[in-house]
Amino acid sequence: MDDILDYFLCDVCAGKDFKLVYNFCLRFHGVNFSDDLIYDETVGKRFQCTKCGKTFSRGEIESGLALLRKERIKRN
């Protein structure tokens, strides 16, 4: 049997190429032993379609790939 490639496609433009986009933030929160705020640095990752610019989370892409798997298995 030959290989079959099913790609996750952008739901706006059907593009299949994505680039990683980062965002950086500080999360400030209090602690129960002090009135001072402390912070955590956070890096967010999104995947941007190179054709139309729409962004997707890792979870959205994994859900899309899971649907592709289910559809492919159902067809065979």
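- Residues L5 and L9 fall within the same hydrophobic cluster, defined by Ile, Leu, Val, Met, Phe, Trp and Tyr side chains chained together at heavy-atom separations under 4.5 Å.
- Closest heavy-atom contact between F28 and L37: CB-CD1, 4.3 Å.
- Salt bridge annotation for R69-D6: absent, with no cationic side-chain nitrogen under 4.0 angstrom from a carboxylate oxygen.
- Heavy atoms only, all atoms of each residue included: R46 and S57 are closest at NH1-CB, 3.4 Å.
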(request) Apply side-chain contact (heavy atoms from CB on, under 4.5 Å) to V21 and K45, showing your working. (result) CA-CA 6 Å; V21 177; K45 296 178 186 175; over 6 Å; no

(request) Before giving the answer on side-chain contact (heavy atoms from CB on, under 4.5 Å), spell out for K70 and K74 the whole-Å C-alpha distance, their side-chain angles and the decisive distance to 0.1 Å. (result) CA-CA 6 Å; K70 286 178 187 176; K74 199 183 305 181; 5.6 Å; no

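- Atom CZ of F24 sits in a crowded spot, with more than 12 heavy atoms from other residues, nucleotides or ligands closer than 6.0 Å.
- At a threshold of 4.5 Å between side-chain heavy atoms, the hydrophobic network of Ile, Leu, Val, Met, Phe, Trp and Tyr places I61 and V43 in one connected group.
- Transitive grouping of hydrophobic side chains (ILVMFWY, heavy atoms separated by less than 4.5 Å) brings L20 and F8 into a common cluster.
- Closest approach of C52 and C49 over heavy atoms only: N-SG, 3.5 Å.
- The ring of F56 has its center no closer than 6.0 angstrom to the ring center of F47.
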(request) Would you please test E62 and E60 for side-chain contact (heavy atoms from CB on, under 4.5 Å) and show each step? (result) CA-CA 6 Å; E62 288 174 359; E60 291 170 319; over 6 Å; no

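- Inter-residue side-chain proximity for D17 and K51 is flagged as unmet; no heavy-atom pair is nearer than 4.5 Å.
- Using a 4.5 Å cut-off between side-chain heavy atoms of Ile, Leu, Val, Met, Phe, Trp and Tyr, with links allowed through other members, I73 and L65 fall into different hydrophobic clusters.
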